[in-house]
Amino acid sequence: MKKEIVINSTANEHRIAILEDGKLAELFVETPGKERMVGDIYFGKIAKVMPGIRAAFIDVGLQQDAFLHFSDVGSSLSEYNALFDDEDDDEEESPAPASAPLSAEVDVASPPQAGTAPHPHESRRGGSHNGGSERFARSDRDINLQKGQDILVQITKEPVGKKGVRVTSEISLPGRFLVLLPFDGKVGVSKKLTDYKEKRRLRKVVRSILPQGFGAIIRTVAEGKEDSLIRQDLEELIRVWSNIQKAVKTENPPALVYKDMTTTSSVIRDLFGDRVERVAVDDKKLFKEIKAYVQWMSPDMLDRLEYYKGKEPIFDKYGVEKDIQTLMSKKVWLKSGGYIFLEKTEAMTVIDVNSGRYAAKKEQELNSLRTDLEASREITRQLRLRDIGGIIVIDFIDLEDEKNKKKVYDEVKKELKRDRAKTTVLPMTEFGLMQITRQRIRQNVQMSFSDACPTCGGTGMVQSKTTTLNQIERWIKRFKSESREFRLQLHVNPNTAMYLTQGTISRLTKIMFKFFVKVKVVPDQTMAMDEFRFTSVKQNKDITEQYRL
């Protein structure tokens, strides 16, 4: 599979496209107001402990408190509480925690999302947020969290909707070749490294320089690298951790003590491997920064780095711009003439597969199978491309033959193997539904390109003018039942004002006669279509809330 990284940079935005066989597979967008947060480390203070939901809320200085589930509280919590004391011998007195054994067959070469620190539980124990018996071996009574307690946490999930960030107390610092685990004394190796001699060599190099009580995971890209490069990467990570320790001693919580790489830098760090044939960048300054980093970490890969000088926009040249346009559409067409329709709800994402013009052809079962198989490939691509996480339900075209249903299931499983995010897929039900869960770390990529509509609030629908008229009438009725005033000013959107006043005997005139009140309409461009505001002429003040239910 041919893999390329194409980076388009402007003054206000960096867009990173991952291409597989010339087709857009993943997209990352970095803008000044929406920087990535996963991997950032905060020195926070526990705001609330809620045993009922097995979680604590941590004040890290963000708009919403961070969510720390008890399953994300490291067994080494007591070891790094010493960081908050005024002692100078932190590293020497940090014993290896009595945690579950670190498997030597962990895989962190492909982190859940480019540029994110591998989740400690996922990278070290292979569990998910809700699984893994080892992680629940300790009872809640062993987790000693108190309101007002200082705590060091790392973001593992971006805020989604009204939910704040999710954090863990098990810190990990990702580098090019290693992931440093400050509170875990074991050394693990990616399961994709199969050469025993190479694994032994890498372990020996890492162990020779690791401070007591520290652990590390050796990534796949470390295979065949010189000892000096491995040491250089490890020394840099230890230096970063030392700076975090100093910040903890000098800062007052809440405080940001470590900011992970930008999206662009982290993509190069995590994804620029042997399978990537080309990295094309259209910004000279960014090209020089990436070149300096590659020169330092992997000089043998410099020939794959390319500064794009063409007049045609780089995303047009590689056919990326057309694919980006489909991201904003709910409907995605298939080559066969069918299409898939994606609808996001609060709880899940629902995907419907339709045969389109394919339905008119003969051999219905065979045609349905072909459409479902094609849809399977496109859906898994869209999940990665749009970065859709959480629960996903797919309504495939009905198939009678159980063998055909299994073919669709196998196709989805095969395509999901390309996905770095953790996924679980269940076989197709008798109703033709397939259920998938996909790890959610950052916000859906569509959020990078759009804001919620100020009129409909993101629902896609606005209240009808008739409903607004009825609300106004009910408001006036409540007003007249309690007040003796008879002169009002009504502020509404100009379109609503036109609806209320049009005609010889307008809708508003009928209401005025009915309740014996005089209402002057004041168009206000700043108001939404379903908003209205009443002002008392006598009192010269807004009285809307006084008579609103």
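The figures that follow rest on heavy atoms only: side chains count, while hydrogens, waters and symmetry mates do not.
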How close do [X] and [Y] get, heavy atom to heavy atom, and via which atoms?
X    : Y    : result
V248 : L152 : CG2-CD1, 3.7 Å
R201 : A222 : NH2-O, 4.2 Å
F315 : A17  : CZ-CB, 3.9 Å
L180 : G215 : CD1-O, 3.5 Å
K413 : V425 : CG-CG1, 3.4 Å
D419 : A421 : OD1-N, 3.0 Å

Is any side-chain heavy atom of [X] less than 4.5 Å from a side-chain heavy atom of [Y]?
X    : Y    : answer
Y42  : V257 : no
L426 : M434 : no
I314 : V6   : yes
Q154 : V167 : no
L193 : L202 : yes
V60  : K45  : no
I16  : L27  : no
V281 : Y308 : no

> Please walk me through it: do D323 and K23 pass salt bridge (charged side-chain N to carboxylate O under 4.0 Å, His left out)?
Replying inline: CA-CA 8 Å; D323 284 328; K23 241 184 150 182; over 6 Å; no

Can you measure from [atom1] ([X]) to [atom2] ([Y]) and round to the nearest 0.5 angstrom?
X    : Y    : atom1 : atom2 : result
Y258 : W241 : OH    : CH2   : 11.5 Å
R203 : I230 : CZ    : CD1   : 13.5 Å
M37  : L256 : CE    : CG    : 8.5 Å
I290 : Q295 : CD1   : CD    : 14.0 Å
Q439 : T156 : CD    : OG1   : 8.5 Å
T168 : D72  : OG1   : CG    : 4.5 Å

Does [X] come within less than 4.0 Å of [Y], counting only side-chain N to carboxylate O?
X    : Y    : result
K199 : D195 : no
K225 : D233 : no
K259 : D40  : yes
R304 : E4   : no
D59  : K147 : no

> Among R386, R384, R418, whose side-chain hydrogen bond (donor to acceptor under 3.5 Å, both in side chains) with E26 holds?
Replying inline: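 Answer to the side-chain hydrogen bond (donor to acceptor under 3.5 Å, both in side chains) test with E26 among R386, R384, R418: R384.
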
> side-chain hydrogen bond (donor to acceptor under 3.5 Å, both in side chains) with R438: which of T423, T380, D387, T424?
Replying inline: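 Output: one option passes, namely D387.
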
>> With a 6.0 Å cut-off (strictly less than), is the heavy-atom count around NZ of K204, excluding the residue itself, greater than 12?
In response: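 Not more than 12 within 6.0 Å, no.
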
>> For K3, is the NZ atom crowded, meaning more than 12 foreign heavy atoms sit under 6.0 Å from it?
In response: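 It does: K3 NZ has more than 12 such atoms within range.
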
>> Please determine whether side-chain contact (heavy atoms from CB on, under 4.5 Å) holds for the pair L173 and V179, giving the CA-CA distance in whole Å, both sets of side-chain angles, and the decisive distance to 0.1 Å.
In response: CA-CA 5 Å; L173 294 174; V179 177; over 6 Å; no

> Please walk me through it: do F67 and R166 pass side-chain contact (heavy atoms from CB on, under 4.5 Å)?
Replying inline: CA-CA 5 Å; F67 179 81; R166 182 161 181 164; 4.3 Å; yes

> Do Q232 and E236 pass the side-chain hydrogen bond (donor to acceptor under 3.5 Å, both in side chains) test, and can you show the C-alpha distance, the side-chain angles, and the key distance before you say yes or no?
Replying inline: CA-CA 6 Å; Q232 193 176 34; E236 175 62 20; over 6 Å; no

>> Using the side chain to side chain donor-acceptor pair (under 3.5 Å) criterion, which residues pair with S9? Sequence neighbours excluded.
In response: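 With neighbours one apart ignored, the set is H14.
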
>> Using the rule given for side-chain contact (heavy atoms from CB on, under 4.5 Å), can you reason through I218 versus F177, listing the C-alpha separation, both sets of side-chain angles and the distance that settles it, and then say yes or no?
In response: CA-CA 6 Å; I218 301 167; F177 305 118; over 6 Å; no

>> So, using side-chain contact (heavy atoms from CB on, under 4.5 Å) as the criterion, who are the partners of S376 when residues are at least two apart?
In response: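 S376 satisfies side-chain contact (heavy atoms from CB on, under 4.5 Å) with F396, V408, E411, V412 once adjacent residues are dropped.
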
>> Using the side-chain contact (heavy atoms from CB on, under 4.5 Å) criterion, which residues pair with T349? Sequence neighbours excluded.
In response: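 side-chain contact (heavy atoms from CB on, under 4.5 Å) check on T349 returns K344, I351, I388, I392.
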
>> I'd like to know if the side chain of S242 reaches the main chain of I238, judged simply by a donor and an acceptor atom lying under 3.5 Å from each other, with no hydrogens or angles considered.
In response: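 Side chain of S242 to backbone of I238, a donor-acceptor pair under 3.5 Å: no, none is there.
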
> Under 3.5 Å, is there a donor-acceptor pair between the side chain of Q435 and the main chain of V393?
Replying inline: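 Checked: no pair found.
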
> Would L210 and V187 satisfy side-chain contact (heavy atoms from CB on, under 4.5 Å), going step by step from the backbone distance to the final call?
Replying inline: CA-CA 9 Å; L210 267 179; V187 176; 3.7 Å; yes

> Can you say whether the rings of Y307 and F287 are parallel (under 30°), tilted (30 to 60°) or perpendicular (over 60°)?
Replying inline: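 Judged by the thresholds at 30° and 60°, the geometry between Y307 and F287 is tilted.
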
